[in-house]
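Everything numeric in this text was worked out from a predicted model, so none of it was measured. Because only heavy atoms are used, hydrogens play no part in the values below, and waters and symmetry mates are left out as well, while side chains stay in.
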Amino acid sequence: MMNKKTSAPQVLWSPSEAQINSAQITHFARSLGMDALPYEHLHRFSVAKPAVFWEALWQFSGMVGEGGGPAMIRDDAAPMTGTRFFPERQLNFAENMLVGDPSSIAVIEADEDGVRQDVTLHDLRSRVAMAQAGLRNLNVQPGDRIAGMMPNNLDAFVMLLAATSLGAIWSTCSPEFGPTGIVDRFGQISPRILVLAKEYLYNSRRHDIICKASEIARQLPGLEHIIALGSKSIVDAPCPVHDFVDLCDSSANEPTFIRLPFDHPVYIVYTSGTTGLPKCIVHRAGGTLLNLRKEHMLHCDVRPGDRVMYYTNTAWMMYHWLIAARACGAAIVLYDGAAIPKKDGELNHGALWKIAEQVKATHFGTSPKYLTLLQQDGYRPGANHDLEALRMIASAGAPLTVENFEWVYEEVKRDLCLASISGGTEILGCFVMSNPTLPVHAGEIQCPALGMAVNILDERGAPVLGRKGDLVCTEPFPSMPVTFWGANGWERYLDTYFSERPEIWTHGDLAEITDKGGVIISGRTDTTLKPGGVRIGTGEIYRVIDSIAEIEDSLVIGYPNEDDMDIWLFVVTKPDAALDDSLNGLIRDRLRMDASPRHVPKRILAVPEIPYTLSGKKVEKAVLQFITGVEVKNRGSLINPDCLNAFLTAAEQQPSLQQVAGAAS
């Protein structure tokens, strides 16, 4: 076991000279009269001369729009919240998503049974034109909210493009949300139109969506129309229900596009809402599109003809990240189903990899949890599938562990860029991410993203290197939210990200910048552990626990103890293991050796499962609230909310003498 406190991170991959020279980030740098390496020079330029950088990116990425004027007007009195980007430009989001060779493959639709169909750009444009005509029949206008309760399939993507082609604001919930979780979100934005799929696929079963539609629709103020795809048998609907096929105009062949200001809203997306009602974040069309083109083209080297797949549902921000690859000329793979589907009691670990092999995926997106499960179950994607076309694996949702990094290069493919990326729903993008021209070090994110003035500030507010602190962004960027939807939205937005440091975006991540320029994220600051006043990120503990063979999953909290806090660790053991004194001691020894004595928990408790949001994130804060008697207001955002009861039961147990002795030592 490598001692992570003292050993230098291993270099797991380095790009060849040919790979560096052919990368789009290299061509972009040369268009500026610079070199892509050393990267810190290019990054420093991008934040020191933002107007030049974003204008150059507009031109390089081939943004479709009109108008001129400056790329940026800085407000010196409010440099973050008052600065405007491209105030005189107009564009349409959907128009930029539908450019390219009409005969090229634009979408590949797949599910647990494999690839269902390939759709050319010509066919996609025709489908969008027909759906657009249907929305026009309902008098959809710019700024109207259209809500979709749909799985990650072609229909959802077509409706998104049709809505945004007319300047409507698109907002989605994943269909596996319960009625309360959906109303908690859509109820705040009062959509004019609700679009429903008939069903979604999960673990080889078709799950009905229509059955809960009426209950949801009756609780949405201002709802005027329901569009049903595949079924219109909605009982007691409060407004007209339209069959999608009947509503659309099959004679429409080419969509038209309404070009609107750069800042015109395109999406309303939602935070997880595990500790209260979800925040409704409004994103601008131009800023979202330009920033995601930067991430795909420059940081992920996505090119026309590439095949990009990312396992996600329509509620997670990574859905919007995935589909933006279409604006770079790539084909996107839309997958409906479980990541590791179960059929007849058997897990299909190769479901996603089989599709990646079949479509010759160049980019594969996932989460640390998925990679850990494959490792634990002994699945070897590289041995079982032809992944010759694969150039990048991206992972989001939580920090990748050193073991995740090492496993990918041992069991998936040696010649690829493993991209641990991190940002958030709040910016529909990344603050720190990949770079195809830089080496990959185990346990580190490669670099801050271009145009993002990322810094790490300590408790003094001073920037630090090699030490943990608050991840902040000190300069404006185009994908900052427009506002939060609803009453006092602007004030709530400012209070969320700028109250701690006026005109400096405080993101809420505990992170550090390494001496190589990479970034390590240790967890969220609102779940940071502070025993004895020392800041410990939850990720530091998870990295150690994930390497213990007997542990299947874990969750850590800081339990209040007078003016201090104690670390409590909850673990799910493998079926053939138990949390006995031996395993208890092993956990403590590993944390003491591979982290520090301060990382050793006061209590270690066994639970049957760990609660996750629908986007795959652990909910430490919700667990702490639940066991301390604070109401968890939005249980509907959890996949498995009932498991919280087991945490309360475990917490009420008296600690054993072994636990107390182990903690004291």
In N92, L428, N96, the residue satisfying side-chain contact (heavy atoms from CB on, under 4.5 Å) with L289 is N96
Separation between NE2 (H507) and CD (E426), nearest 0.5 Å, reads 5.0 Å
* Do the side chain of E295 and the main chain of G429 share a donor and acceptor less than 3.5 angstrom apart? -> no
Short N-O contact, D470 and R501, less than 4.0 angstrom: yes
Minimal heavy-atom distance between I210 and A197, with the atoms involved, is CD1-O, 3.8 Å
Side-chain H-bond candidate by donor/acceptor type, S171 with Y270, under 3.5 Å: yes
*asked:* Testing the 3.5 Å rule here: is there a donor-acceptor pair between the side chains of E503 and T81?
replied: yes
| task | Say whether, by atom type as modelled, one donor and one acceptor occur between the side chain of R89 and the main chain of G69 under 3.5 angstrom. | result | yes
**Item:** Step-by-step side-chain contact (heavy atoms from CB on, under 4.5 Å) determination, N153 to L334
**Value:** CA-CA 5 Å; N153 60 16; L334 305 178; 5.5 Å; no
Between F257 and L98, does a side-chain contact (heavy atoms from CB on, under 4.5 Å) hold up when you go through it step by step?
CA-CA 11 Å; F257 305 100; L98 291 169; 4.0 Å; yes
Residue set satisfying salt bridge (charged side-chain N to carboxylate O under 4.0 Å, His left out) with D301, at least two apart, ordered chain then number -> R303
**Item:** Min side-chain heavy-atom separation P175-M150 under 4.5 Å
**Value:** no
(Q) So does G187 get a backbone contact from the side chain of D184, meaning a donor-acceptor N/O pair under 3.5 Å? (A) no
Report task. Could you tell me whether the side chain of I504 reaches within less than 4.5 Å of the side chain of T474, counting heavy atoms only? Result -> yes
When every non-hydrogen atom of A252 is compared with those of A133, the smallest separation belongs to CB-CB, 4.4 Å
*Any donor-acceptor pair under 3.5 Å linking the side chain of E224 with the backbone of I193?*
no
* Asked: Would you call the rings of Y267 and H320 parallel, tilted or perpendicular if under 30° counts as parallel and over 60° as perpendicular?
  -> tilted
Closer than 3.5 angstrom, by distance alone: can the side chain of R136 be matched with the main-chain N or O of A131 as a donor-acceptor pair?
no
* Asked: Side-chain contact, heavy-atom cut-off 4.5 Å: E109 with V119?
  -> no
Q. Are any of the side-chain heavy atoms of N137 and H242 separated by less than 4.5 Å?
A. no
message = Applying side-chain contact (heavy atoms from CB on, under 4.5 Å) to R127 and L154, what does each step give before you reach the verdict?
response = CA-CA 10 Å; R127 291 170 186 254; L154 178 62; 3.3 Å; yes
- Query: Do H43 side-chain atoms and A449 backbone N/O form a donor-acceptor pair below 3.5 Å?
  - Reply: yes
### Message
I'd like to know if the side chain of R492 and the backbone of A487 have a donor-acceptor N/O pair within less than 3.5 Å.
### Response
yes
Chi angles and distances behind the side-chain contact (heavy atoms from CB on, under 4.5 Å) call for N313, Y200
CA-CA 11 Å; N313 60 42; Y200 67 95; over 6 Å; no
Next item on the list: Please answer whether the main-chain N or O of A331 pairs with a side-chain N or O of R326 as donor and acceptor at a distance below 3.5 Å.
Entry: no
F498 and W505: aromatic ring centres closer than 6.0 Å?
-> yes
Q. Donor-acceptor pair, D336 side chain versus L201 backbone, under 3.5 Å?
A. yes
For S31 and F60, the nearest pair of non-hydrogen atoms, with its separation, is OG-CD1, 4.4 Å
Between L220 and L194, the two heavy atoms sitting closest are CD1-CD2, 4.2 Å
Value for CH2 (W170) from CZ (R145), rounded to nearest 0.5 Å, stands at 14.0 Å
Heavy atoms, side chains only, cut-off 4.5 Å: are F93 and H264 in contact?
no
Y493 and W490 aromatic centres sub-6.0 Å: yes
Next on the checklist: Could you check whether any side-chain heavy atom of E254 comes within less than 4.5 Å of a side-chain heavy atom of T256, counting everything from C-beta outward?
Outcome noted: no
dist S214:OG -> I234:CD1 (nearest 0.5 Å) comes out at 7.5 Å
Does some side-chain heavy atom of L135 sit less than 4.5 Å from a side-chain heavy atom of M159? yes
Does any non-hydrogen side-chain atom of L91 lie less than 4.5 Å from one of W58? yes
- For residues F28 and F53, establish whether the separation of their ring centroids is below 6.0 Å. yes
_Please check this pair: side chain of H299 against backbone of M433, looking for a donor-acceptor N/O pair closer than 3.5 Å._
no
Between the NZ atom in K294 and the CZ atom in F477, the distance rounded to the nearest 0.5 Å is 8.5 Å
Here the gap from M97 atom CE to L124 atom CG, rounded to the nearest 0.5 Å, amounts to 9.0 Å
By salt bridge (charged side-chain N to carboxylate O under 4.0 Å, His left out), R307 pairs with (sequence neighbours left out) none
Closest heavy-atom pair, A324 versus L292, reported as atoms and distance to 0.1 Å, is CB-CD1, 3.6 Å
Practice prompt. Look at the rings of W321 and H296 and say which category their plane angle falls in: under 30° parallel, 30 to 60° tilted, over 60° perpendicular.
Written response: tilted
For G148 and F186, the nearest pair of non-hydrogen atoms, with its separation, is O-CZ, 3.5 Å
Value for CD (Q132) from CG (D249), rounded to nearest 0.5 Å, stands at 10.5 Å
